[in-house]
Amino acid sequence: MESDFIHWLRERLPKHPRLLLGPGDDAAILSLGAQAECVVTVDMLMDRVDFHLHQCGPQSAGYKALAVNLSDLAAMAARPLAALVSVCLPRSDALEIAQALYEGLLPLADDFDLAIAGGDTGVWDGPLVIDVTAIGQTTDAGTLLRCGARPGDVILVTGQFGGSILGHHLQFHPRVQAALQLKADYDLHAGTDVSDGLSLDLSHIAEESGCGAAIAFDKIPISAAARRLAKGSSDGLTALDHALADGEDFELILAAPPEAARRILKDQPCEVPITQIGTFIKEPGLWRRAAGGQLVPLEPRGYRHG
Ligand SMILES: [Mg+2]
């Protein structure tokens, strides 16, 4: 449902002079006048869909609700400024849940010097729902959009992929510093964060940029959790399958021209390792580059909303 709806919305929403970038990327960009641009994003997390409250507890749910929004600001290379937190609380233990949720997210807000500017609270007979709106600011280095990749650009990723369901999806560190630092010090053409799955989110960059992406399977950084998942289950999925499709890794995918990519890979300037997994190419679509160099079509896989 969601992607159809976003398509409809992108057509239907009137152009507004203050809206520099509307729905379809990781966040929107608002003009604040001559000097500054505001980056806003919202993500709603629901119990039993995005977390399981009885398993993870309200602190972890609160942390995740803020962290996913910070990850979207990172994906835009925006500096976090403030967040609004709205919650629908289950009637039983409403106050305890609300307080614990804030205890989970406040240390993260502090880490990023983020002001919690307010929010709204309701109590109902349904499950916990947390809706966070995060506000950021563009820097002099500019923003990172999904639509700037060009054929010949190198596909870079931070961190490792797959198996986030084993815990990473609740505890990840949003790549805000890495994004700001890389955007400030190197030429980057495009970027996104991986929420739906490495192959699916990469295909989004390629699609928005009007080009294709070719990856080498042996270059994909596979997490230990993905290997554990593959070993411990009989579903036939390999660790690589998990890395390509699991989602909620909340790492960055970046498009960098070859010279910038070469420097980034050599410098490794961030708190997290950066790996080259392939290149953007002219031919649209997602491809696997086989050992002999030939291109094999690859079905983007991951979490499709609704
Ligand atoms: Mg995103």
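These numbers come from a predicted model, not from an experiment. Side chains included, hydrogens not; waters and symmetry mates left out as well; all remaining heavy atoms used. Whatever order the structure lists ligands and atoms in, that order sets their numbers, starting from 1.
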Checklist outcome for this item: ring pair (Phe, Tyr, Trp, His ring centres under 6.0 Å) filter on His173, not counting sequence neighbours, yields Phe112
Checklist entry - Which of parallel (below 30°), tilted (30 to 60°) and perpendicular (above 60°) describes His168 and Phe172? => result tilted
Next on the checklist: With no hydrogens and no angle check, just 3.5 Å: does a side-chain donor-acceptor pair link Asp201 and Thr192?
Outcome noted: no
Checklist entry - How many protein N, O or S atoms are found at a distance of less than 2.8 Å from the Mg ion (ligand 1)? => result 3
Checklist entry - Is the shortest heavy-atom distance from the side chain of Phe161 to the side chain of Asp249 under 4.5 Å? => result yes
Checklist entry - With a distance cut-off below 6.0 Å to the six-membered ring centre and an angular limit of 45° from the axis, does Arg175 pair with Phe250 as a cation-pi contact? => result no
Checklist entry - Between the side chains of Tyr303 and Asp246, is a donor N or O closer than 3.5 angstrom to an acceptor N or O? => result no
